[in-house]
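Residue numbering restarts at 1 for every chain, and letters A, B, ... go by the order of the sequence lines. These numbers come from a predicted model, not from an experiment.
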Amino acid sequence: MSGAATLRVEQLGMSFGGLKAVDQVDLEVPAGKITAIIGPNGAGKTTFFNVVAGFYAPTAGRVLIDDEDVSGLPPHKVARLGVARTFQTTQLFPAASVLDNVIVGRRLHTRSNVFDAVLRSRRHRREEAESRENALEALEFTGARDLADVLVANISQEARKRVAVALALATEPRVLLLDEPAAGINPHETEGLTALIRSVAVERGVTVCLVEHKMRMVMDLADHVAVLNYGKKIAEGPPAKIRSDPKVIDAYLGADHDA
Amino acid sequence: MTLFAQQFVNGIALGSVYALVALGLTLVYGVLKVPNFAHGALYMAGAYVVYVMLTAVGGSYALAIAVAVVVIAVMGAAMEFVVFRRLEGKSSVHAMIAALGVLFFLEGTADVIWGPDFRPVPTPLDGVVTAFGINITEQRILVIVAAIVAMAGLYFLLKRTLVGMSIEAMAQDREGALLVGIDTRRVALITFAISGALAAIAGALIAPLVLVFPTMGAVIILKAFVIVILGGMGSVPGAILGGYLLALAETMAGTYVAFAFSELIAFALLVLVLVFRPTGLFQKGV
Amino acid sequence: MGSAHVRRAVALGVPLVLAILFPLLVNNPYLVSVAVSAYVTAIAVYGLNVMLGYTGQLSLAHAGFYGIGGYTVGILTSDYGFSFWLALPIALAFTSLLGHLIGLAALRTRHDYFAIFTLAVGVMIVIVIERWESLTGGTDGLIGIPAPGSIGPLSFTSLNSQYYLALAFLVFTIYVVWSLMHSLVGRTFLAVRNSEELARAVGIDAGRTHQLSFVISAALAALGGGLYAAFSGSIGPDVGDVPMTFNMLVYLMIGGVASLPGPLVGTILIMGLMQALQAFQEYTLMILGPILILVVVFFPGGLAGQGKVLFERLTRREADQ
Ligand SMILES: Nc1ncnc2c1ncn2[C@@H]1O[C@H](COP(=O)(O)OP(=O)(O)OP(=O)(O)O)[C@@H](O)[C@H]1O
Ligand SMILES: [Mg+2]
């Protein structure tokens with residue numbers, strides 16, 4: 001089940017009471033490509049991810065991963081079908097080491113249970129070793145290998161972003177959803193992270209869908225951009241075209257946004 | 001029919017006490033966002049203050065109730081000031097465990113002072129009123145009336161005073177309250193004092209009808225939790241309505257089904273509600 | 001590397017050797033019997049730690065499971081003539097099953113609602129124990145529960161032999177918890193405690209994880225309770241009552257929640273102190289209450305947490321020099 005997958009949503013809707021946070025969105029995120037979703041604050045970008053990843057069951061429409069309908073599945077099942085995500089605010093476990101944080105991403109590929117753990121069965125030993133190996137490899141890929149034994153509480157904001165990506169990669173996703181991966185880090189660090197995200201798509205062949213306010217980064221990275229405003233998709237196309245789309249400029253200016 | 005009417009009145013009297021206890025619990029939940037396991041101990045302490053006033057100090061029952069209200073309100077405020085204030089920003093588990101610590105302390109202290117025995121409290125109002133073929137003790141009438149007065153007072157406080165409105169604002173949105181310049185610590189302190197006063201009124205009113213003992217708050221606090229979960233954590237009307245309904249259900253079940261059954265109603269309700277609506281019957285709202 | 005191994009060997013070996021020599025060193029049956037109850041209680045406190053420390057939920061029904069384990073062993077051995085060695089696994093299985101069923105309902109809630117729900121469950125368990133007189137002996141409880149039968153040449157009628165049996169079960173419990181927490185299963189527990197959202201996003205079934213934690217916690221409570229019944233020869237409803245859960249919570253918080261030595265350290269220390277200060281027994285609650293608050297406010301890691309901080313400060317100073 002490895003390799004990139006296409007993420008497609010059809011007429012997707014998510015309402016909270018009367019508020020339509022996502023409204024009739026049709027979007028295709030092509031396999032192996034980088035697609036960016038932009039839009040002013042409160043446009044529904046995070047909600048869109050929450051629906052795709054199974055945290056909310058959509059109130060309308062469908063979510064398809066390579067034509068398999070995953071709408072309404074709980075998040076852990078969606079993750080098992082190959083959708084990984086990071087969060088707008090990283091939620092890593094500060095009191096554990098970087099490696100211990102990332103290794104948890106291997107759980108969905110292991111089958112050892114309590115009895116294996118207590119009896120230190122062969123399966124347990126094999127899976128522990130493999131998980132460690134894979135987690136270290138994910139850390140290596142994201143450039144955080146040196147931090148493996150450091151507590152997350154003691155690493156920088158930028159390192160946390162990388163570790164969060166490593167954790168997502170440890171699950172061996174086919175689609176990776178990144179929610180504002182570059183929020184709160186400086187321009188230099190942003191460049192490094194941009195390179196990392198590009199290599200996730202190019203070298204790992206993972207479909208990337210990212211939400212980002214940093215326009216430079218979006219223009220650099222994205223093959224394709226979709227714009228949300230008040231839950232609706234108002235524009236879609238290659239970055240250069242989106243930049244000059246009057247509807248998009250309006251949405252941002254209307255929301256008094258300075259991107 | 002008279003049996004029903006009789007039990008209805010008894011149920012309303014019991015419901016008055018339940019509602020008062022649940023009100024204090026729900027108010028504190030609103031600002032603290034944590035169930036105060038020590039709340040039942042305030043009720044117990046209120047009953048003991050009345051016991052001491054009526055047996056050792058002397059003076060009227062009205063004075064005893066007033067003293068209980070003041071003493072327990074101060075105790076409630078002290079609880080906030082000494083304990084919960086220091087747990088701001090920590091996980092809810094910490095605050096819950098601290099609340100258990102307060103509960104231990106208060107029950108333990110009562111046990112040291114008065115021992116574990118069940119103590120009767122002199123009945124200040126021992127008359128019985130007969131109307132429509134049912135007998136109601138004056139004490140029960142007092143419970144019902146006093147509870148209504150207390151609730152009306154609380155309503156006035158919440159809706160008509162600045163402090164009360166701050167309490168409601170904070171219950172709905174703590175950060176928002178801070179933003180509009182509400183002194184959240186002061187409000188928390190006052191809320192605990194009010195919650196203590198309500199528990200004290202309940203304890204003071206029930207004391208002459210029952211026996212007082214150090215763990216007398218343990219049963220009622222569970223009922224109060226059931227009521228507050230039924231009525232919605234933080235909801236004032238929910239606590240009042242829930243209090244009367246649970247008491248009536250218990251009284252009627254005790255009369256028409258079996259006494260043992262009445263005890264289980266609260267738990268059965270709790271289990272049912274939480275299984276089908278894990279976040280409570282009503283999500284939110286004061 | 002080498003020194004880390006040595007340190008670990010010392011940290012494990014010294015307490016174990018002391019524990020093995022304890023009955024010979026003190027040569028005092030009373031102290032040995034106190035140690036037996038502390039070990040047995042500690043086993044249950046480890047169970048509480050699995051829930052509160054590792055998956056982060058406060059279960060106030062814990063003593064209920066301790067009581068159920070104890071009553072199951074007591075009833076099966078004294079009323080139905082079962083061997084202790086058969087009754088104990090049955091008690092574990094039964095309590096785990098019950099824990100599983102209760103967990104299905106209780107774990108639909110989290111945090112404060114979970115604590116309230118389990119508090120109600122704890123009270124209900126005691127009500128059932130007190131009311132089901134024909135089975136449980138009601139408020140009088142059960143007496144005449146036989147001591148564990150012998151295995152081959154090993155008999156468990158003397159106090160010292162019971163001490164070693166309790167110690168063996170305690171070591172077994174600590175090993176189980178240790179091996180669990182040093183596995184992906186245990187890391188999953190911590191991940192769920194840290195952020196259920198993140199855990200679910202990486203494919204962890206948070207509901208099942210809580211459920212597993214609850215069942216393990218109930219099983220360890222039952223193990224402690226079963227041993228308690230067989231060693232003390234009697235059991236009453238207060239053993240499974242909510243105040244007993246409070247006691248266990250005090251031991252855990254003082255010893256150090258979420259740590260491996262915490263449950264043992266706290267249980268031995270506080271139970272030991274309570275025995276030493278029996279003259280002040282009526283003040284126990286009055287004193288434990290404020291201590292619990294102080295721990296939560298100032299030392300949320302308990303003694304084990306403080307020890308770790310101290311240890312790290314010392315070793316860092318060494319490294320600096
Ligand atoms: N669980 C929820 N319940 C109710 N309303 C919600 C919920 N989650 C999001 N919303 C609302 O949906 C709208 C979209 O929010 P969302 O977080 O998706 O925006 P966003 O585009 O990610 O914004 P930002 O750029 O600030 O992160 C907002 O109005 C928000 O208040
Ligand atoms: Mg967002």
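- Between A/F16 and A/Y56, the ring center distance clears the sub-6.0 Å criterion.
- The candidate from A/I103, A/T90, A/T110 with the greatest count of non-hydrogen atom pairs under 4.5 Å with chain C is A/I103.
- Within a 6.0 Å sphere centred on CZ of C/F172, heavy atoms belonging to other residues, nucleotides or ligands number 12 at most.
- Atom CZ of A/R198 has more than 12 neighbouring heavy atoms from other residues, nucleotides or ligands inside a 6.0 Å radius.
- Looking at A/V78, there are no atoms closer than 4.5 Å to chain C (heavy atoms on both sides), in backbone or side chain.
- Interface check for chain A: of the options C/I204, C/L190, C/V176, the most heavy-atom pairs under 4.5 Å are formed by C/I204.
- The neighbour count for A/R132 CZ, taken as heavy atoms of other residues, nucleotides or ligands under 6.0 Å away, does not exceed 12.
- Contacts between A/D116 and chain C at a heavy-atom distance below 4.5 Å are absent for every atom of the residue.
- Using a 4.5 Å cut-off between heavy atoms, A/E128 touches chain C through its side chain atoms alone.
- Interface remark: of the candidates A/N101, A/L177, A/T171, A/V104, A/V104 forms the most heavy-atom pairs closer than 4.5 Å to chain C.
- Contact count versus chain A (heavy atoms, under 4.5 Å) is highest, among C/D205, C/L180, C/V177, for C/D205.
- For a residue to count as touching a neighbouring chain, one of its non-hydrogen atoms must lie under 4.5 Å from one of that chain's; by this rule C/A201 touches chain A with backbone and side chain alike.
- The distance from the CD1 atom of C/I102 to the CZ atom of C/F214 is 6.0 Å, given to the nearest 0.5 Å.
- For a residue to count as touching a neighbouring chain, one of its non-hydrogen atoms must lie under 4.5 Å from one of that chain's; by this rule A/F93 touches chain C with backbone and side chain alike.
- With hydrogens and angles left out, the side-chain atoms of A/N50 and A/R85 include a donor and acceptor closer than 3.5 Å.
- Between A/P181 and A/L193 the shortest side-chain heavy-atom distance falls below 4.5 Å.
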